[in-house]
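Here the structure comes first, spelled out in structure tokens, and everything after it is commentary.
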Amino acid sequence: MSSKKTLSIPFVIIAIIVGSAMYKQFDVENLTFKKPALATVYIITFLLSIVVIVRNLRAK
């Protein structure tokens with residue numbers, strides 16, 4: 001049997017949206033986030049979505 005590795009589309013969309021929002025919040029000159037509390041929520045959500053995507057690809 002052949003098993004195809006597929007991406008979880010909702011988690012990919014979440015990762016793209018949260019990643020772009022994190023990029024917009026990052027201040028390059030000072031190397032800090034404009035809103036640190038919101039940045040931690042973004043980072044946690046981004047990392048969890050990446051973990052789910054990688055686990056999904058490795059499980060199949």
Side-chain angles (χ1 to χ4, degrees):
M1 298 200 134
S2 65
S3 62
K4 292 185 177 181
K5 296 182 179 183
T6 60
L7 289 175
S8 179
I9 299 299
F11 287 106
V12 170
I13 293 171
I14 290 171
I16 291 171
I17 291 171
V18 173
S20 66
M22 236 180 358
Y23 179 73
K24 289 178 185 177
Q25 289 289 321
F26 189 69
D27 184 15
V28 179
E29 291 179 7
N30 298 329
L31 297 177
T32 58
F33 286 99
K34 295 176 184 175
K35 298 179 182 178
L38 187 59
T40 52
V41 173
Y42 284 158
I43 290 170
I44 291 170
T45 307
F46 183 74
L47 290 177
L48 286 176
S49 63
I50 295 298
V51 165
V52 169
I53 291 169
V54 169
R55 280 190 183 174
N56 190 16
L57 287 176
R58 292 181 75 193
K60 293 183 180 185

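Keep in mind that what you see is a predicted model, and the values were worked out from it rather than measured.
- Summarising the local packing, CZ of F11 is surrounded by 12 or fewer heavy atoms from other residues, nucleotides or ligands at distances under 6.0 Å.
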For residues 16-25, which side-chain donor-acceptor pairs fall under 3.5 Å, sequence neighbours excluded?
from	atom 1	to	atom 2	distance (Å)
S20	OG	I16	O	3.3
S20	OG	I17	O	2.9

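- Hydrophobic clustering, with ILVMFWY side chains joined whenever heavy atoms are under 4.5 angstrom apart, keeps L48 apart from V41.
- Hydrophobic cluster membership differs between V51 and I13, with clusters built from Ile, Leu, Val, Met, Phe, Trp and Tyr side chains linked at under 4.5 angstrom.
- The distance from the CD1 atom of I9 to the CD1 atom of I53 is 9.0 Å, given to the nearest 0.5 Å.
- Applying the side chain to side chain donor-acceptor pair (under 3.5 Å) test to every pair with at least one member in residues 31-48, sequence neighbours left out, gives no pairs at all.
- Under the 4.5 Å side-chain heavy-atom criterion for ILVMFWY residues, no single connected hydrophobic cluster contains both V12 and I44.
- Annotation: side chain of I14 is not in contact with side chain of F46 (no heavy-atom distance under 4.5 Å).
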